[in-house]
Amino acid sequence: RSVDPTDRRSPLSRTTGTVVNTRGHRNDRPLTQGGGPFTTDAEPIGTESPANMLLSTPPRRGGGTIKGNPGGNLAYGASIMTRPGKLIPILGLVAVVFFVAVYRETAMLELPSTRSADMRAGHAETGGGVHLDTGGGSPGDKWQLRELEQTQDSIAKETAKLAQEVQRLSKSVQESAKRVDAIPELLDTAPADGAGDSKDGINAPVDTNVQAKAPIGTGDSNGIKWANEKAATTTYTSHYPTTAGTTTPMKIDWAPLAELTAPQNIEKMPTAGDFPRPEESTLARNSGPNGEVAHSGTVPNAKWATVYVDEEKRDAVRDAMRDAYNAYETYAMGYDELQPLTKRGKNAFGGLGATVIDSLDTLWIMGLKDQYSRARNWVSERLHFDRNYEASVFETTIRVVGGLIAAHDLSGDPMYLEKCLDLVRHLKPAFSTETGIPYNIVNLKKGWAKNPTWSRGASTLAEFGTLQMEYIALSERTGDGEWRDLAESIVEYVRKIRTQTGTPLGLYPLYLNPHRGTWENTHVSFGAMGDSWYEYLLKVWVQGGRTKAMKGWHDMWEESMRAMIDKLVFDGEEAGTKYVAEFNANHAVHKMDHLTCFVGGMLVLGSHGSKHEAEYMKVAAEITKMCWRMYSTQPTGIAPEYVNFQDKKMHVGGKFNIQRPEAIEAIFYMYRKTGDPMYREWAWEMFQNMRRHYRTETGWVGLKDVRSPNPGHDNTMQSFFLAETLKYFYLIFSDSDTINLDEWVLNTEAHPIRVMPRDKSAVHPN
């Protein structure tokens, strides 16, 4: 769900050193337009990643841009101007430039006078210099004297001007140092272009060459005075966490900052309209009345446990969702994400309203009718895609396409499919490569597609491998097979070249050249940049009804699971725990991302009907327990971004937390499969700790250091916190027919998509 920059979504998260969008690996999640690379010379705030890491929105499971900042915030390493010790050489350099300029100006001003004197009588030359002989008092001498006086006056004036300039520059350097200290906070508040814009001109898109406004003092109701300043420019931000063992500095491309407004004008959307709404009285139990579709036999039965609602805990989670979404509506409606500490919105995903769309199905499932109605009206009236914005194909697909399809499947509202079709047409140019492997990035307005510079022209495994559920679902609902064909051809192409990876069969490198069709390295990860490739091999099989026609998908997934368990799964120090390592240069790297916790849930989902079912369930339980221990062993009760292992012992790697869902996701699947109340107990303890540490009066935020009892807050409420984390908590305390897992399959952003059995597929059996 994110990309690992050392190799976002990542990576930069997608994302805290956060653009870590971002999964914004999820990398998450990104600022995305413009020109050259940008690196920092110090560690990003809130991370222990390499010195040059810059994360824009948390990495997300999958790829790309940031499911950010790690975790959706913009985090910057300190500039040299933030360190007073380095101001002295800067000022010294300015002084040298000043005196050289004065000397040069003096010499240039003297030359005309001396040459004039040379041509007149009454001068004398001594010692190689030119000296004026004024003793005779001749008119020529007086003329020379006046010229010299004028020259001296000119030099004095120029010197005074230069002195003022040096003083101004010195002051500017000092102010810049203060500004750079504030950059993480200021840029976190900067929305990308087009925030909340609409086709009819309301809040129209901001030009990409806009002047950003940065706070320089005190003034408005937020204590900020605003002045025009030139925006930074660049192209793309990834959202992925650091990979242990890498030493090559990662250069990150930057997008231009769009215009800041102070204060932001947040539009309150109406609830009125003729469209389907959730019913609060039934808590929107929409997997058919009490799971009728699942129980009818029209979809396969995977033998999930029958569990019953815990109303008190379920309602506590619903209250948290209401509280978090109300804060977003109040301070950031229409922006991609809320920055609770500064009470502002920011755009990490092009102003497509990521939080609105990510929240639609959660609001529906929880029966929050008014909030859902306002969100639905925003999508209908404000969401459009004709934007001069370089979008992550991955992040846009899992969040926006997936969110719209889920909202359609729950409500039956045709408006959502119309929006989906419009969006995928804007994304289509990314697929114009020799192999059909799409580029990571596409300009939604101009159709220009590319890969980020840090990937050296390669496409990222989790990014091109995490489109299939959404595109296939869209084709099935619209009758247009173009989107299914685009998505399935990717997997079939990879299936044919899977023996050329240079890695154990079933383990896929993170980078594939979309032109040559060649694997670009041998780094394997079930975390950032790799994870959701494996997830979608399984989930497309489930989505297609587990039919014989879908066998090719299941064959590839089983092959990968056998290789993963054999090569990358290791025992932890505590009995009954296991972790999933990474693989690079033909050996295991003993690091595990929080993102990798999804493996526990994936093994549960794929266990039924497999000849390895017992083994998969055992390994799933042990990985899930390790993920639980990532939480329970910290003073905050909150897990870090990643951990390292030495002699089986777990050590904190990335100390920050960006509200990720993968651990509670695994616990949810274990509970739905086994019905063991222990998993609800773990979930409740996790939820209470999140409520204690995440919640502020103006929104829910991530943590800078989970090792400290006072961990400090970042300034981002991740959209996936509402789409995934709170949804999984709600479902674990609900009954088994609230999103019945025989009838629904959750995409990598936890958007529920209906299972629809298929009788053909372009992906062939191995």
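Judged by distance alone, the side chains of S373 and R376 never bring a donor and an acceptor atom under 3.5 Å apart. Residues N715 and T342 have side chains that bring a donor and an acceptor to within less than 3.5 angstrom of each other. Side-chain atoms of D358 and H751 form a donor-acceptor pair, as typed in the model, at a separation below 3.5 Å.
Qualifying side chain to side chain donor-acceptor pair (under 3.5 Å) partners for Y471, counting only residues two or more places apart in sequence or in other chains: none. Listed by chain and residue number, nothing satisfies the side chain to side chain donor-acceptor pair (under 3.5 Å) test with D676 (two or more places apart in sequence, or in another chain). Not counting sequence neighbours, the partners of P276 by the side chain to side chain contact (heavy atoms under 4.5 Å, CB included) test are W364, S411, D413. With sequence neighbours excluded, the residues forming a side chain to side chain donor-acceptor pair (under 3.5 Å) with S296 are T298, listed by chain and number. Taking the side chain to side chain contact (heavy atoms under 4.5 Å, CB included) definition, one finds that E418 meets it with nothing, sequence neighbours left out. In this structure, the side chain to side chain contact (heavy atoms under 4.5 Å, CB included) partners of S359, at least two apart in sequence or on a different chain, are M321, Y325, T355, L363, L722. Here R691 pairs with A316, W684, F687, Q688, W700 under the side chain to side chain contact (heavy atoms under 4.5 Å, CB included) rule; sequence neighbours left out. Listed by chain and number, the residues in a side chain to side chain donor-acceptor pair (under 3.5 Å) with S475 amount to none (sequence neighbours excluded). Residues satisfying the salt bridge (Lys or Arg N to Asp or Glu O under 4.0 Å) criterion with D480, sequence neighbours excluded, are absent altogether. R758 pairs by the salt bridge (Lys or Arg N to Asp or Glu O under 4.0 Å) definition with E476, E488, not counting sequence neighbours. Every residue was checked against the disulfide bond (SG atoms under 2.5 Å apart) condition with C420, not counting sequence neighbours, and none meets it. For R695, the salt bridge (Lys or Arg N to Asp or Glu O under 4.0 Å) partners are D323, E697, not counting sequence neighbours.
Side chains of I365 and Y730 form a contact here, defined as non-hydrogen atoms less than 4.5 Å apart. Between V309 and F733, the closest side-chain pair of non-hydrogen atoms is not below 4.5 Å. Counting only heavy atoms from C-beta outward, the side chains of D310 and R680 approach each other to under 4.5 Å. Counting heavy atoms from C-beta on, the side chains of L746 and Y669 come closer than 4.5 Å. Side-chain contact check for M756 versus I472: every heavy-atom pair is 4.5 Å or farther apart. Between Q634 and P640, the closest side-chain pair of non-hydrogen atoms falls below 4.5 Å. Within the 4.5 Å cutoff, the side chain of F729 has no heavy atoms near those of the K313 side chain. At least one side-chain heavy atom of E337 sits less than 4.5 Å from a side-chain heavy atom of F349.
Among F598, Y679, Y728, W304, the one residue that satisfies the ring-ring contact (aromatic ring centres under 6.0 Å, His included) test with F668 is Y728. With E470 as the fixed residue, the side chain to side chain donor-acceptor pair (under 3.5 Å) test singles out one of T396, T748, N747, T397: N747. Exactly one residue among N657, I658, D593 makes a side-chain contact (heavy atoms from CB on, under 4.5 Å) with E641. That residue is I658.
The shortest heavy-atom contact between C597 and A666 is O-CB, 3.5 Å. When all heavy atoms of G675 and V307 are compared, the closest pair comes out as CA-CG1, 4.0 Å. The two atoms that bring P278 and Y372 nearest to each other are CD-CD2, 3.5 Å, heavy atoms only. T271 approaches D370 most closely through the heavy-atom pair CG2-O, 3.8 Å. Across F656 and V706, no two heavy atoms sit closer than the pair C-CG1, 4.4 Å. When all heavy atoms of P752 and K727 are compared, the closest pair comes out as CD-NZ, 4.2 Å.
Ring pair Y694/F721: centre-to-centre distance below 6.0 Å. For Y616 and W557, the ring centers sit closer than 6.0 Å to each other.
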Take R374 and K268 through the side-chain contact (heavy atoms from CB on, under 4.5 Å) test and state the conclusion after the steps.
CA-CA 8 Å; R374 290 191 293 267; K268 183 78 169 179; 4.1 Å; yes
I'd like to know whether W553 forms a side-chain contact (heavy atoms from CB on, under 4.5 Å) with Q468, so could you lay out the CA-CA distance, the side-chain angles of the two residues, the decisive distance to 0.1 Å, and finally the verdict.
CA-CA 11 Å; W553 295 85; Q468 288 68 27; 3.7 Å; yes
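Of the possible polar contacts, none joining the N377 side chain to the M269 backbone as a donor-acceptor pair under 3.5 Å is found. Proximity of a side-chain donor or acceptor of D714 to a complementary backbone N or O of G702 within less than 3.5 Å is detected.
The existence of a salt bridge linking D422 and K419 is excluded, since no basic side-chain nitrogen approaches an acidic carboxylate oxygen closer than 4.0 Å.
Between Y631 and H594, the ring planes lie perpendicular to each other; the angle is over 60°, past the 30° to 60° tilted range.
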